[in-house]
Amino acid sequence: MRNVMAVVYRDALIRLTSLTWLFFDMAVPLLYLLMFGVGFNKAVGMGVTMDGAAVAYNDFFLAGVLSMSCFGSAINQSYGFFVDRDNGIFYEFLTYPMTRGELLLGKMLFQCIMALAQTALTLTAAVWLLNVPLNITLLPLTILGVMAGIAGWFFALSIVAFRIRRNDTFNTVINVAYFVLMFVSSMFYPLDAVPLWLKYLSYANPLTWHTDVLRYLTVGIGSGVVILAESAGFLLFLLVSFWFAQQALKKAA
Amino acid sequence: MTAISVQKLVKEYPRPDGGVLRAVDDISFTVEQGRIFGLLGPNGAGKSTTIKVLTTLLPPTSGTVLINGFDVVTRSLQVRNNLCVVLQENAVEVFLTVRHNFLTFGRFHGLSAAQVEKKMGRVVELFGLQEVLNQKPIDLSGGLKRRVQVAKMFLVDKPVVILDEATTGMDTFNKRATVNAIREEAQTGRTIILTTHMLEEAEELCDSIAIINHGRIVAGGTMDEVKKMGLQMFYLTLKFNEIGKELQELVQKFAPVKLDIVDNQVSVTVREHHTALNILSLAESTGALKHFEITTASLEDVFVELIDRKRAQEGR
């Protein structure tokens with residue numbers, strides 16, 4: 001654990017040197033919720049229909065914002081490997097007395113700590129400003145869900161960062177992947193209303209699993225059995241990604 | 001006690017054309033605890049690849065590497081627990097102050113902030129970093145960044161220190177400080193491996209060396225052993241009142257390894273002692289010889305000769 005905390009300490013020091021970075025970490029999900037969410041909520045009027053019931057778009061979109069911010073945080077953190085590589089410190093890290101897994105866990109843990117503040121702000125704004133009926137009793141599980149989302153995506157994107165040596169290629173790949181994953185998921189719209197082919201594709205997307213779980217935990221929308229299966233699927237995605245990320249890191253030098 | 005043991009190490013890389021590049025080809029050497037070992041060779045010789053295997057950055061294709069008895073493949077974490085490394089590439093936290101660089105490095109190596117602060121004074125003084133302690137390396141020159149990187153190694157007490165071209169980019173004063181620090185650390189029982197292009201530095205510091213070229217060791221042993229590796233080269237310095245044009249032509253007839261004439265001084269390296277004496281006799285016969293000196297060849301001469309010899313063998 002000492003080594004994991006050393007990584008957290010190092011990343012925290014670096015993040016504190018950039019207030020702009022810190023601000024965007026905190027504010028982006030909030031801005032998404034307040035600008036995109038509120039605008040769309042007004043535009044669709046009646047909200048969206050899920051399982052035959054009408055749901056206000058703000059309520060529906062809250063989980064999308066949370067899962068989007070997990071994905072965004074994971075992109076930022078995995079991009080950090082390119083910065084470290086440019087500074088040469090990445091290779092020195094790999095000679096430090098810690099396992100490759102501890103390095104990954106430390107980076108993931110730091111991002112999770114950041115996410116706690118981010119999630120707190122987003123949920124507060126959702127409840128106070130948009131009157132989203134947040135399920136307070138499931139709040140600890142919501143936080144756990146956010147952390148799992150960051151972990152899963154960070155490990156998965158780290159594999160890409162270790163395999164791709166050029167940061168411009170990484171940016172292109174991630175932008176395309178982000179675009180496809182976001183729109184082929186339940187992040188912006190309920191999957192009941194989309195064409196069948198899109199629905200099937202969306203259910204093969206871990207971003208859908210994560211968003212659905214967070215939606216169930218925050219506002220109680222979704223079927224318990226499906227959510228359980230999606231939770232298990234995402235957990236498996238996280239563990240497999242962690243294993244592959246360690247293997248990729250071993251070959252990254 | 002053997003601190004580092006490298007036996008029949010081979011490292012191959014896949015080539016884009018589907019072939020294999022053998023960067024390190026069956027090399028073996030050992031380093032005893034508290035000794036300074038130099039790995040020398042031209043660019044692309046395989047030095048940095050060897051260092052990467054020793055530091056667990058790369059797995060070997062075959063062979064065995066033990067650091068303080070731990071295998072770099074099966075006990076890589078224990079290996080990393082036993083060493084600290086200055087890599088050839090610059091490696092500093094450019095966005096953190098120099099002080100925070102020291103604090104984070106110390107923390108990664110198990111030191112508390114108080115322990116780092118305690119040791120920082122000596123290291124900062126040794127490397128002349130007092131004035132930049134609260135600056136970020138992003139604002140420092142390349143030489144200063146390198147000093148910060150090297151200085152970190154002297155904060156921790158790992159038994160093995162690996163320095164890959166550590167003094168590159170440093171000015172003379174800081175090179176001297178680094179060399180002194182390395183020597184001091186070896187006296188405390190730390191084992192040091194260094195790679196360098198600066199042969200004088202290796203000659204000054206190393207107890208033993210290996211000269212590596214095309215992934216193979218072409219010579220190895222103590223400094224004296226390497227110098228004597230069948231070469232028996234001699235270095236003559238001849239000072240004249242004045243030098244006639246014909247002298248250079250006459251000396252060339254002895255087929256010297258190296259010949260330099262600057263002003264009235266002739267520096268010549270030859271393989272045989274009788275050749276050295278014949279040149280001396282020739283110099284004496286000019287009647288203008290003012291001073292002479294004969295020494296065994298420098299490491300640089302041996303190095304150049306060994307690499308040339310190896311190239312000639314491979315060309316045949």
Side-chain angles (χ1 to χ4, degrees), chain A residues 1-22 24-25 76-77 79-107 109-110 162-163 165-167 246-253, chain B residues 48-49 51-59 67 70 72-73 75-97 99-113 136-138 142 145-146 148-150 152-153 156 158 160-162 164:
Chain A
M1 198 59 191
R2 180 177 60 81
N3 293 328
V4 173
M5 293 315 295
V7 180
V8 173
Y9 171 75
R10 178 260 177 187
D11 273 22
L13 279 179
I14 289 183
R15 195 62 59 96
L16 286 171
T17 62
S18 171
L19 292 177
T20 315
W21 200 354
L22 206 59
F24 274 96
D25 261 346
N76 284 344
Q77 191 66 327
Y79 185 79
F81 287 121
F82 287 95
V83 179
D84 291 343
R85 219 182 239 148
D86 288 346
N87 296 331
I89 199 79
F90 175 72
Y91 300 103
E92 195 178 277
F93 275 151
L94 300 182
T95 69
Y96 290 171
M98 61 179 165
T99 64
R100 304 315 189 219
E102 285 172 329
L103 175 59
L104 289 167
L105 286 172
K107 288 194 157 285
L109 187 59
F110 168 74
F162 298 143
R163 293 272 168 91
R165 297 298 177 103
R166 291 181 53 163
N167 57 7
Q246 287 181 85
Q247 302 312 309
L249 185 51
K250 283 177 187 169
K251 293 175 184 165
Chain B
S48 288
T49 300
I51 294 297
K52 283 181 176 174
V53 174
L54 262 63
T55 55
T56 77
L57 284 172
L58 287 176
I67 305 287
F70 297 111
V72 293
V73 177
R75 308 289 297 278
S76 58
L77 183 58
Q78 285 83 354
V79 166
R80 292 197 290 274
N81 257 319
N82 275 272
L83 56 79
C84 56
V85 188
V86 172
L87 295 171
Q88 195 171 3
E89 299 83 10
N90 271 335
V92 283
E93 300 279 13
V94 293
F95 302 119
L96 298 182
T97 62
R99 177 186 293 278
H100 279 139
N101 264 272
F102 289 153
L103 286 169
T104 50
F105 182 81
R107 192 174 274 241
F108 276 115
H109 286 85
L111 298 180
S112 66
K136 294 175 183 171
I138 199 166
K145 279 183 198 158
R146 192 68 176 165
V148 173
Q149 185 183 354
V150 175
K152 289 191 296 188
M153 299 306 129
V156 295
K158 295 299 165 90
V160 175
V161 181
I162 296 181
D164 195 1

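FYI, side chains are in, hydrogens and waters are out, and symmetry mates aren't considered; it's all heavy atoms of this structure.
Within the 4.5 Å cutoff, the side chain of A:Leu13 has no heavy atoms near those of the B:Glu93 side chain. Considering only heavy atoms from C-beta on, B:Leu57 comes within 4.5 Å of A:Thr95 through its side chain.
The part of B:Gln149 that comes within reach of chain A is its side chain, from C-beta onward, which places non-hydrogen atoms under 4.5 angstrom from that chain. Contact annotation for A:Lys251: neither backbone nor side-chain heavy atoms come within less than 4.5 Å of a heavy atom of chain B. Contacts of B:Leu87 with chain A are made by side-chain atoms alone, with heavy-atom separations under 4.5 Å and no backbone atom involved. The part of A:Phe93 that comes within reach of chain B is its side chain, from C-beta onward, which places non-hydrogen atoms under 4.5 angstrom from that chain. Both the backbone and the side chain of A:Tyr91 come within contact range of chain B, each with at least one heavy atom under 4.5 Å from a heavy atom of that chain. Of the two parts of B:Val85, the backbone and the side chain both hold a non-hydrogen atom closer than 4.5 Å to a non-hydrogen atom of chain A. Both the backbone and the side chain of A:Arg10 come within contact range of chain B, judged by heavy atoms closer than 4.5 Å. At a 4.5 Å heavy-atom cutoff, the contact between A:Val83 and chain B is made by side-chain atoms alone. Within the 4.5 angstrom heavy-atom criterion, no atom of B:Lys145 approaches chain A.
Taking all atoms of both residues into account, the shortest heavy-atom contact from A:Tyr9 to B:Thr104 is CE2-CG2, 3.8 Å. In plain terms, the two heavy atoms of B:Lys136 and A:Thr17 that are nearest each other are NZ-CB, 4.1 Å. Scanning both residues, B:Leu77 and A:Pro97, for their nearest heavy atoms gives CD1-C, 3.7 Å. Between A:Gly88 and B:Ala91 the shortest heavy-atom distance is O-CB, 3.5 Å. Contact record, B:Arg80 with A:Thr99: NH2-CA, 3.9 Å, taken as the closest heavy-atom pair.
Note: B:Gly110 leads B:Ser76, B:Pro59, B:Gly110 in heavy-atom pairs under 4.5 Å with chain A.
The aromatic rings of A:Tyr96 and B:Phe108 lie tilted to each other, with the angle between the two planes from 30° to 60°.
Expressed to the nearest 0.5 Å, how far CG of A:Asn3 lies from NE2 of B:His109 amounts to 9.5 Å.
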